[in-house]
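Worksheet: one structure, shown below.
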Amino acid sequence: MTLITDIRLRRVLDSRGNATVEADVLTESGGFGRGKAPSGASTGEYEAIELPANEAIAKAREEALPRLIGEVHAGNQRDVDAALHAADGTDDFSGIGANSAVAISMAAAKAGADVLGAPLYQHLGGTFRGNEYPTPLGNIIGGGEHAADATNIQEFLAAPVGAPSVEEAVFANAAVHQEVHDILADRDLPAGKGDEGAWAPSVSDDEAFEIMDEAVETVADDFGFAISFGLDVAGAELYDDDEDGYVYDDGVKSTEEQIEYIAEKVEEYDLVYVEDPLDENDYEAFADLTAQVGDQTLVCGDDLFVTNVERLQAGINADAGNSILIKPNQIGTLTDAVDAIELATASGYESVVSHRSGETEDTTIAHLAVATDAPFIKTGAVGGERTAKLNELIRIEDNAV
Ligand SMILES: C=C(OP(=O)(O)O)C(=O)O
Ligand SMILES: [Mg+2]
């Protein structure tokens with residue numbers, strides 16, 4: 001029933017206006033699934049390789065489609081993803097492009113769910129999954145590689161940890177976003193938005209900490225539940241080999257100073273989440289910071305782990321971090337992403353399923369987070385390509401998908 005009978009690939013726009021890959025998968029019994037690849041800006045050195053969309057499409061048509069059409073069942077995700085790996089023939093998807101791979105992988109999952117008549121999260125997670133909902137981490141203020149002339153730290157993220165439902169959590173993050181707008185206006189600090197819809201004011205990181213603290217407190221009082229905040233430092237973007245340290249507008253911090261700085265901020269603001277506080281090659285520094293604050297906060301590896309089980313295993317062995325960011329396009333297939341989540345869970349690491357800065361209206365990650373009982377999802381706070389996932393989470397919780 002779920003035998004793949006056709007795959008159509010095309011170039012479509014992502015949220016930055018760049019070309020990305022869209023895949024349609026059709027099956028023998030009329031099943032249909034469509035997936036679109038997202039794209040990063042602060043990409044990790046060890047991520048799977050994205051090719052220019054046209055090239056990725058041409059390569060996938062040549063190498064992958066003959067191995068999938070009439071050969072593989074869309075309902076068997078591991079077979080689909082194994083065929084993508086075999087067609088690619090490399091260990092980083094540079095053969096067919098991780099963008100083609102992830103678009104086809106997600107489209108096949110949706111086609112499989114369509115034939116079964118089940119929501120995607122149930123197809124991916126099984127019937128006993130889907131009663132836990134992730135807490136959404138909402139990007140509220142940001143800079144780094146996502147906006148010019150803004151904060152050095154890439155993301156200040158609202159974390160509505162006390163929300164009684166996904167719906168309340170999503171609305172709380174949007175309210176924090178609005179509250180920050182009002183605080184910025186009061187301070188005569190006009191701000192545009194970065195790639196993910198976060199405010200990108202020209203303020204110091206210290207001022208951004210103060211503004212976030214004030215905003216989450218105000219909204220927590222209004223909503224009547226706890227809202228904390230966290231960071232994506234994107235440390236690999238700040239780290240400069242030549243300087244042997246982390247380059248901020250107000251000077252360079254050595255690795256020891258960076259660890260101390262982050263640990264102080266965790267204490268001062270009760271941060272619940274710190275992603276990529278250190279460079280993507282520095283497991284040891286991650287381990288030092290985790291030893292200091294790992295019982296108070298999530299120390300999450302994004303560029304450090306790149307959703308890769310081998311890099312995650314190295315981190316587990318070194319006690320580096322206590323959580324992993326999961327980005328399917330960083331590794332190329334849903335199977336690889338789920339394998340990383342399963343290793344994380346088995347090792348006591350929390351999983352945070354994540355969007356990319358360049359996104360589409362695809363909602364697969366909302367389903368993946370529910371399917372795997374991931375405790376957190378990071379998918380922005382506002383903006384159509386972000387609300388696509390957030391609204392899908394509200395629908396999943398409401399049994400309306
Ligand atoms: C979402 C992120 O940004 P990008 O997609 O640019 O890597 C991130 O760094 O977590
Ligand atoms: Mg990150």
Side-chain angles (χ1 to χ4, degrees), residues 14-18 20 36-50 98-99 102 134 136-148 150-159 173 193-198 200 229-239 246 262 271 273-282 286 298-308 311-312 315 320-321 323-332 337 340 350-360 362 364-366 368-369 374 376-383 385-386 388-390:
D14 77 7
S15 57
R16 273 193 279 255
N18 295 330
T20 190
K36 279 182 264 297
S39 177
S42 67
T43 45
E45 190 180 333
Y46 303 101
E47 290 196 20
I49 304 296
E50 174 189 316
N99 36 349
V102 81
L137 300 171
N139 192 357
I140 307 295
I141 302 176
E145 293 297 301
H146 294 169
T151 53
N152 293 144
I153 290 176
Q154 183 179 283
E155 299 168 24
F156 291 77
L157 299 150
N173 281 350
K193 292 178 187 170
D195 286 354
E196 296 180 358
F229 72 103
L231 309 173
D232 180 1
V233 180
E237 303 294 340
L238 297 176
Y239 186 75
Y246 295 80
I262 298 297
L271 301 179
Y273 179 77
V274 186
E275 179 183 325
D276 280 351
L278 294 146
D279 183 53
E280 62 202 330
N281 290 303
D282 203 343
F286 262 86
L298 290 183
V299 179
C300 183
D302 169 15
D303 294 345
L304 179 73
F305 295 140
V306 292
T307 319
N308 179 313
R311 291 190 62 84
L312 174 60
S323 57
I324 178 173
L325 208 72
I326 299 291
K327 292 169 165 170
N329 83 317
Q330 231 173 16
I331 193 70
E350 308 273 26
S351 296
V352 183
V353 176
S354 174
H355 65 168
R356 302 306 307 247
S357 50
E359 262 298 340
T360 74
D362 193 286
T364 304
I365 60 166
L368 180 64
F376 294 94
I377 185 168
K378 185 175 90 156
T379 186
V382 296
E385 70 282 4
R386 318 291 154 186
K389 285 84 162 160
L390 298 169

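Not measured: the values here are computed from a predicted model. Whatever order the structure lists ligands and atoms in, that order sets their numbers, starting from 1. Nothing fancy with the numbering, it's 1 onward along the sequence.
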Exercise. Going through the distances and angles, do Asp279 and Tyr246 end up as a side chain to side chain contact (heavy atoms under 4.5 Å, CB included)?
Worked result: CA-CA 9 Å; Asp279 183 53; Tyr246 295 80; 3.5 Å; yes

Problem set entry | Shell of protein N/O/S atoms around the Mg ion (ligand 2), taken as anything under 2.8 Å | Asp232 OD2, Glu275 OE2, Asp302 OD2

For this session: To the nearest 0.5 angstrom, please state how far the NZ atom of Lys378 sits from the NZ atom of Lys389.
Result: 13.0 Å

Exercise. Considering only the protein, which heavy-atom contact is closest to atom 10 (O) of ligand 1, and what is its distance?
Worked result: Lys378 NZ, 2.7 Å

Problem set entry | Distance from atom 2 (C) of ligand 1 to nearest protein heavy atom, with residue and atom | Lys327 NZ, 3.4 Å

For this session: Could you check atom 9 (O) of ligand 1 against the protein and tell me its nearest heavy-atom contact, residue, atom and distance included?
Result: Gln154 NE2, 3.0 Å

Problem set entry | Donor-acceptor contact below 3.5 Å, side chain Thr20 vs main chain Pro38 | no

For this session: Answer with yes or no whether Leu325 contacts ligand 1, where contact means a heavy atom under 4.0 Å from a ligand atom.
Result: yes

Problem set entry | Residue pair Asp362 / Thr360, side-chain donor-acceptor N/O under 3.5 Å | no

Problem set entry | Sole residue of Ile140, Leu271, Ile141 in side chain to side chain contact (heavy atoms under 4.5 Å, CB included) with Phe229 | Leu271

Problem set entry | Sub-4.0 Å atoms of ligand 1 with respect to non-hydrogen atoms of Asp302 | 8 (C), 9 (O), 10 (O)

Exercise. What is the nearest protein non-hydrogen atom to atom 4 (P) of ligand 1, stated with its residue, atom name and distance?
Worked result: Ser357 OG, 3.5 Å

For this session: Number the atoms of ligand 1 from 1 as they appear, then name those within less than 4.0 Å of a heavy atom of Gly40, with their elements.
Result: 4 (P), 5 (O), 6 (O)

Exercise. His355 to ligand 1: N or O pair under 3.5 Å?
Worked result: no

Exercise. For atom 7 (O) of ligand 1, which protein heavy atom lies nearest, and how many Å away is it?
Worked result: Arg356 NH2, 2.8 Å

For this session: Please report the shortest heavy-atom distance between Ala374 and Ser351, naming the atom on each side.
Result: CB-O, 3.7 Å

Exercise. Any N or O of Thr43 that comes nearer than 3.5 Å to an N or O of ligand 1?
Worked result: no

Problem set entry | Donor-acceptor pair, side chain of Asn329 and main chain of Gly332, under 3.5 angstrom | no

Exercise. Any donor-acceptor pair under 3.5 Å linking the side chain of Asn173 with the backbone of Pro136?
Worked result: yes

Exercise. Applying the side chain to side chain contact (heavy atoms under 4.5 Å, CB included) test to Gln330, which of Thr307, Val102, Asn308, Leu325 qualifies?
Worked result: Thr307

Exercise. Is the closest side-chain heavy-atom distance between Val353 and Pro134 below 4.5 Å?
Worked result: no

Exercise. Under 4.0 Å from any heavy atom of His146, which atoms of ligand 1 are there?
Worked result: 2 (C), 3 (O), 4 (P), 6 (O)

For this session: Using distance alone, determine whether Ser39 and ligand 1 share an N or O pair under 3.5 Å.
Result: no

Exercise. Does Thr379 reach the main-chain N or O of Ser354 with its side chain, forming a donor-acceptor pair under 3.5 Å?
Worked result: no

For this session: Examine the proximity of ligand 1 to Glu196 and report which part, side chain or backbone, both or neither, has a heavy atom under 4.0 Å away.
Result: side chain

For this session: Flag Ser42 as yes when one of its N or O atoms lies below 3.5 Å from any N or O atom of ligand 1, and as no otherwise.
Result: yes

Exercise. Would you say Glu47 has any N or O atom under 3.5 Å from an N or O of ligand 1, going by distance alone?
Worked result: no

Problem set entry | Donor-acceptor contact below 3.5 Å, side chain Asp276 vs main chain Asp303 | yes

Exercise. Which heavy-atom pair separates Asp302 from Lys327 by the least distance, and what is that distance?
Worked result: OD2-NZ, 2.8 Å

Exercise. Can you find a non-hydrogen atom of Ala234 under 4.0 Å from ligand 1?
Worked result: no

Exercise. What part of Asp232, side chain from CB on, backbone N/CA/C/O, both or neither, has a heavy atom under 4.0 Å from ligand 1?
Worked result: side chain

Exercise. Should you measure from each heavy atom of Glu155, which atoms of ligand 1 turn up under 4.0 Å away?
Worked result: 2 (C), 8 (C), 10 (O)

Tell me which donor-acceptor pairs under 3.5 Å the side chains of residues 39-46 have, and how far apart each pair is, sequence neighbours excluded?
residue	atom	partner	partner atom	Å
Ser39	OG	Glu50	OE1	3.0
Ser39	OG	Glu50	OE2	3.3
Ser42	OG	Gln154	OE1	2.9
Glu45	OE1	Asn281	ND2	3.3
Tyr46	OH	Asn281	OD1	2.4

Problem set entry | Chi angles and distances behind the side chain to side chain contact (heavy atoms under 4.5 Å, CB included) call for Glu359, Glu196 | CA-CA 8 Å; Glu359 262 298 340; Glu196 296 180 358; over 6 Å; no

